[in-house]
Amino acid sequence: MSDFAMEPLVHDAWYIGAWSHELDEGPIARRILGEDVVLFRSGDGTAAALEDRCSHRGVKLSLGAAVEQGLQCGYHGLVFDGSGACVVNPGERTSPTFCVRAFPVVERQHFVWIWMGDPALADTGLIVDFAWHDRTDEWNFHYARYDIAANYMFMIDNLMDLTHLGYVHTSTIGGHPGEHDDAELTTTRTARGARYVRWMMESTPPPSFVKVAGFEGKVDRWQEFEYVAPASVLQWGGGHDSGTGGRENREKPGGMAVRLFHHATPADDENFHYFFWRLYT
Amino acid sequence: MSDFAMEPLVHDAWYIGAWSHELDEGPIARRILGEDVVLFRSGDGTAAALEDRCSHRGVKLSLGAAVEQGLQCGYHGLVFDGSGACVVNPGERTSPTFCVRAFPVVERQHFVWIWMGDPALADTGLIVDFAWHDRTDEWNFHYARYDIAANYMFMIDNLMDLTHLGYVHTSTIGGHPGEHDDAELTTTRTARGARYVRWMMESTPPPSFVKVAGFEGKVDRWQEFEYVAPASVLQWGGGHDSGTGGRENREKPGGMAVRLFHHATPADDENFHYFFWRLYT
Amino acid sequence: MSDFAMEPLVHDAWYIGAWSHELDEGPIARRILGEDVVLFRSGDGTAAALEDRCSHRGVKLSLGAAVEQGLQCGYHGLVFDGSGACVVNPGERTSPTFCVRAFPVVERQHFVWIWMGDPALADTGLIVDFAWHDRTDEWNFHYARYDIAANYMFMIDNLMDLTHLGYVHTSTIGGHPGEHDDAELTTTRTARGARYVRWMMESTPPPSFVKVAGFEGKVDRWQEFEYVAPASVLQWGGGHDSGTGGRENREKPGGMAVRLFHHATPADDENFHYFFWRLYT
């Protein structure tokens, strides 16, 4: 599908670089927006991200180890702190000009967010908030990361057009394509993207709904998706027995509901890291 | 061997796209002359070939399913018929200009032939006829397809120059290189290629001949090969006990004979699909 | 690490093409300085090297067999001698202009050396001598060959800067980085490279030293390395119990010593063959 006209990757934006727990085992290498990055946690526990290449002899810093002062290169022992400064240069002097590139990082709600563009523009207020990330005591949750060989916009495209459900996810949340064609769709432009609410009234509950909530008759089912450019999609979906007022009060007890946070971090033009967080009642 | 000067691939010609039986399990993806093609059988049983890319969102149509009206894309359910027309567009209208590229296809003698060039030139009279393909009740046969990482002309080169038999196929139909050097060779130009007849009189029967026909002494052995440009080679070979008149009457009872049909469909400049059909008595 | 500025490969030099014993099983294919080479032993036992491509139909000669007169192509049986001349052309005449490129080869001290540049400059006096190669009856030895995906100069860089020992080889010959930082280093320019002698007086014996020689206290340890451009490094290292006069007389009995010959033959700009010979007492 490389013959699709593709938009240039957006650099001045926050992307998810890693799950917080991924850094617990030591530094990790990850390709983000065409650059090799090492993500690690310094001695004080702060997450940081550097160019994954020692400026001394070019070795990948991700092959080294997180130490008290920062990240130690595994070859000759140089240590760089989270700002990219070389703070230990064994047998030699350090110098302010001897450093590696560092990237702004913010750890929040189980994610390590990274800014690959101009650091001066890295406004942390732009980080997408998804309050449900902190309510893991109330909701069951499932998280994952997949490396997918496609431009990241194909994932956004997929999530923002649910007409594929009838054909692709027949054994879980899909099937009955005609009912999907007949869904009511309301779309709203937002400051940083778009939101739609989609209702399938008096529709057949798909296999996963039946399995989780035990529906026996028709359901009033909704799908609410919000795209926050460039890489996040927030999802709220669920259903209630038809005729029980579910459309007027989606949060009423019974039925089923699921909340998901989707994020597609470009590795490069043709690959992305798909971060996926699902909570359900 | 990519530094060989290679001829451009010939587009205005019939190539074998698949064995007929390959389409029985559903659509198949195949690269032919540098293009990704999907071959499938429509609801009425007719073989067809389309560009392997849905014109809606670019998904490979070969991931979909053959349905009554044609080939259904596995992503959003669009259906294209064998002419490439979109006949089902769920939730939307179809349009004469919304289609995928289709390729002329003819199914004959167990093969699905495809024309990748200008459809206006696709004269079915140009399809190579090999009557033996229909005599599977009279002959034992063996068929296969190999994907080979080389320009397809290396296969033609191989088949049309048998001096390699003495060195390569020593445990089956080769060995005794000196006898191959001494073979009598008669070559004839034909309308679409060339034919040669090669006689190895009073020669040593190779291992496969001994195994199949039990030769105990010398044999008069022939190899008749015809190249039909650009991609087919028809073969008739065999042998009789020397001194029994086999040269004058190759079809007389006894001895052994084998007929093969070779076809090398270019996948691209550096790969081809080798279709191979062997009948023997 | 491909963004390092790399020097052009040096063609007019002797490189190790193979271990002598590698040719005992028949011809071998090896990529050297960007060219595909076949190394083999002729019927008279002489090692030779040719371009790995038959000038008839382009097949790799390394797929053929060493025969009395040279190397026989496995496809049509042509034989080329060690000078590249075609000496057998089955069913055809040979011709002085029909040949393959040959490379000067010298077999010495268990190695097959090859010259990929201008043959007129192939002075065998330039081959690096390492007399220890012939003393396998006196010393235990170990040899190996590794194919490494990096520019060959990274290996030279590694061997000529031992400050990495403290960080990389902690379980064998390294550890205690501070002691390595404090080593005394004397460097000398030589006609074809450089030599250094490095002393770590009163230092902690590394794990391998303890294992081999049973050191119980501090050691006076030396490392003497000589680089002979472009691809060889000769090493002599060892240690004696501190205070026993080891620095004045390294060859005195007791303690431990090791001699190594390292050679990095470029396969191309980003790959090399690392030949490694180690003798120890």
- Over 12 non-hydrogen atoms of neighbours within 6.0 angstrom of NZ in B/K211: no
- For residues B/Y167 and C/C73, determine if any side-chain heavy atom of one lies less than 4.5 Å from a side-chain heavy atom of the other. no
- Considering residues, nucleotides and ligands other than B/Y143, do more than 12 of their heavy atoms fall under 6.0 Å from its OH? no
- Message: Under 4.5 Å from any heavy atom of chain C, what part of B/D182 do you find: side chain, backbone, both or neither?
- Response: neither
- With a 4.5 angstrom heavy-atom cut-off, could you sort out which part of C/E92 is near chain B: side chain, backbone, both or neither? neither
- Note: B/D157 and C/Y75 closest approach over all heavy atoms is OD1-OH, 4.2 Å
- Query: Quick one: CG on B/D181 to NE2 on C/H76, what's the gap to the nearest 0.5 Å?
  - Reply: 11.0 Å
